[in-house]
Amino acid sequence: MSISTFTEFNLPRDAYTAFDAVSMKQLITNRLKASGLFPDIDFEGSNISGLVDIIAYMYHVNLFYLNQTASESMFSQAELYENINKMVTLVGYKPQGYQTCLLGFDFTVTSPIPTGFYTLKRFSYMQLNGLPYSFNDDVTFEKTLSGDQLITSVSDNHTLQQGLMKEYPLYTAVGESFEQLTLTITQTTQTNTPTYIDHNNIYVFVFDVNTNKWSEWKETSTLYGTKSTDKVFEKRFNESGRYDLKFGNNITGHKLNTGDVVAVYYLQSDGGRGVVANNALNGKNIVMLNTTQWNRIFNDIANPDLNYMSIDQVKYIKLNNQFASTQFTVPESVQEIRNNTPLLFSTQNRTVTVEDFTSVLRKNFSNILADVSVVNNSDYTAQYLKYFYDVGLERPNDDLQVLMNQVMFTDACDFNNVYVFAVPKYGAIQNDITPTALPVSQKQLIINKLNQTKIINQNIVVCDPVYQAFGFGLSLAGEEAAVFIKDETILRVYRSTQYNTPKDAIKSKVANLIQSFFTTSNNNLGGIVNLTQLNIDILSIPGVAKIETVRSGTGNRVVPKINMIMWNPFYEEAAPLVTSQNISMKYFEFPFLYQSSNLINKIEVV
Amino acid sequence: MAKITIQGLPQATNYQLPYTYSDLHLDIQQQYLINDALHQQPEINDIKVDYDIDAVKNSVKNIFSTSPGNKILNPEFGIDLRRFLFQPATISVGYDIQRLIYTDIEKFEPRIKLIDVGVVVDEENNEFTVTMIFSIPSLNIKTISIAGVLNGNGYNFA
């Protein structure tokens, strides 16, 4: 590495990197002692010693910053968000910004509305105790019954977005190639009314000076690959946490004309405050966005063939949400960008391999998905469908979720299916005992996204995992395993005589540990339920001397470790697995702790 | 810590210096390196240096005015007189100061041999006058004294 040396000291050219403050002080001391001019350098109290300390320490600090600056210029070591965000522009990666809460809903049109086709205008919203939820697209439906009618096609294909559509000040285009508009809205969490722009809801409308008409410009993942006439823009969450909107040059993407007026609508989210519980939509009225600018734009972009609902008609729409909203999601972190960038780059904006699908889903749906696994048709039939035969069904479609996913998302031809098993990020387990599936509307979001990058003949099917319940369970000798043993089995924890930790405190720590072990975020589809590690972790709790799984009731048996039962709560008659060994789940299986809130009553400390 | 071996470093010149100890004079000032009429030319001026007894005095003063933690590369260095900052000027505290100086001064300044430490308490002005008498055997100096006042402004040498 070093090709030359310092002429005077015969040091390698890169020797400076080897010094720290102490070794630098030593070097200076040696040099001064060698010169003989300052023999006092050896005495810590001398002025010269203090001066040398300062010089050596300054050198150390400067070298630290030099090192840090050098590290920050490398993708693998950068720690500052601004740096990594800027770096990944080189490979066209677009970091994810804030993602607002999403809400599935039931859409009922009541009897005063006669049969026919209707369209609810986009950006309509409702207020849920001060929290707005908005439609981000036009909702077209057909009412076929004269009475009240639940329109499932709407609830299956649309999702409410937390927040209100805001108008960004109008921008007059300069007319240059690749014109860029940066939304100078500071997103902050520091005030009482935080401002967040939802990453997935930025809409652009342009008033063309030549035609005197507004038109909608669509977002594209990259301008390269679009035609010169395509009215598209590219969006990027930049290093300052603001959005850059980039338009074309009449070669790749249409160019803005000089004097064109750009109107940007963005969804302003309430962040974490926007989460709502189930049934929050009951009785709330839909309000249509009604601003002068929006009405003018909508007059130009409205489809003349559609029958848009009036303000009077909208009040006859009733909404309800069976499930709570998803959570608010913060922007990708430095580490997430570092992990996702090479994966996304390798997909080349195409989803072909399992890794491609997984990468795209993890990046784009981190707000709604806890985990995904992707398989082809042969793996699906060989393991997933076989599982339902194994649990005793005559055919897999006897399972309601399997049937529904088949009906909703598949066609007559199955060999080209790509099956996506998705675990919802929040509320995977309702009421401690019932696993819940991803709402259809969110499955549709996934399909819509993958349809942009998939191979033309692929068919995406979003499936629900098989949730396997876990609880303490111990079989008697010769007994056939059955689910009821979970009710007769407890975990007994022996308190160490060397500790005087209260028993309740130990019980609470053990319960928290087991609950955390089975938390959705700590598990994976096809992962390993590592009961060995769980044993070790419990025994590592201060005050725990030993543990036993104890069966009582119809018989008595004790084993000196955690013994668990795993079963499918929908098919309790199917043979459960009772074991103290690690359990390897299949790609479609996901573990959860049955009656998690009651766990503390299943633990005894003696 | 990196171990640096420096080859080609010039060896100490083996000649007799006209002094035993030398230290930088603070604040840094210029002076003639060889201070006689013959050599007083602008080309040979250099920073001012304290020799022998003045160099040792520098060291003792620095020990008194440094609190542990102040010297980054030797955080244990210094006499912790700051601990007496908010204490009343009493004979009892005076003894504590005296004991502290006895304990620490020779540890940080091995060139001196402490003979006596006198602490006079001025209760009215809430300050202590500290007089330290020591010898410097390597310079063959039998007794030398340094006096200073410790008060709310720190330790100030007379």
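Chain letters run A, B, ... following the sequence lines, proteins first and then strands; every chain starts at 1.
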Name each donor-acceptor pair under 3.5 Å that joins a side chain in residues 503-517 of chain A to protein atoms two or more places apart or in another chain, with its distance.
{"unit_1": "A:Lys507", "atom_1": "NZ", "unit_2": "A:Ile603", "atom_2": "O", "d": "3.4"}
{"unit_1": "A:Asn512", "atom_1": "ND2", "unit_2": "A:Ser508", "atom_2": "O", "d": "3.3"}
{"unit_1": "A:Gln515", "atom_1": "NE2", "unit_2": "A:Ser596", "atom_2": "O", "d": "2.8"}

Subject >> CG on B:Asn74 to OG on A:Ser49, rounded to 0.5 Å >> reply: 8.0 Å
Original post:
How would you list, in number order, the residues of residues 113-142 of chain B that have a heavy atom less than 4.5 Å from chain A?
Top reply: none
Which pairs of donor and acceptor atoms, one on a side chain in residues 75-96 of chain B, lie under 3.5 Å apart (sequence neighbours left out)?
{"unit_1": "B:Thr90", "atom_1": "OG1", "unit_2": "B:Val93", "atom_2": "N", "d": "3.3"}
{"unit_1": "B:Asp96", "atom_1": "OD1", "unit_2": "B:Arg99", "atom_2": "NH1", "d": "3.2"}

**OP:** Might you point out which heavy atoms bring A:Ala21 and B:Leu73 nearest each other, and give the distance in Å?
**Re:** CB-CD2, 3.7 Å
Original post:
For A:Tyr57, does the OH atom sit with more than 12 other heavy atoms under 6.0 Å from it, leaving out its own atoms?
Top reply: no
Original post:
For A:Asn535, which residues count as a side chain to side chain contact (heavy atoms under 4.5 Å, CB included) partner, sequence neighbours excluded?
Top reply: A:Ile547, A:Lys561, A:Ile562
**OP:** Among B:Val56, B:Ile63, B:Thr20, B:Leu26, single out the residue with the greatest number of heavy-atom pairs under 4.5 Å to chain A.
**Re:** B:Leu26
Subject >> Rounded distance (nearest 0.5 Å) linking atom CG of B:Asn58 with atom OG of A:Ser46 >> reply: 8.5 Å
**OP:** Name the region of A:Leu51, side chain, backbone, both or neither, that has any atom closer than 4.5 Å to a heavy atom of chain B.
**Re:** side chain
Original post:
Closest heavy-atom contact between B:Asp23 and A:Ile48?
Top reply: OD1-N, 2.8 Å
Subject >> Minimal non-hydrogen separation, A:Asp53 against B:Lys71, with atom names >> reply: OD2-NZ, 2.9 Å
**OP:** Taking atom CD of B:Gln29 as the centre, report whether more than 12 heavy atoms of other residues, nucleotides or ligands fall under 6.0 Å from it.
**Re:** yes
**OP:** For side chain to side chain contact (heavy atoms under 4.5 Å, CB included), just list the numbers for B:Phe108 and A:Glu44, CA-CA rounded to whole Å, side-chain angles, deciding distance to a tenth of an Å, and then say yes or no.
**Re:** CA-CA 7 Å; B:Phe108 296 120; A:Glu44 283 287 314; 6.0 Å; no
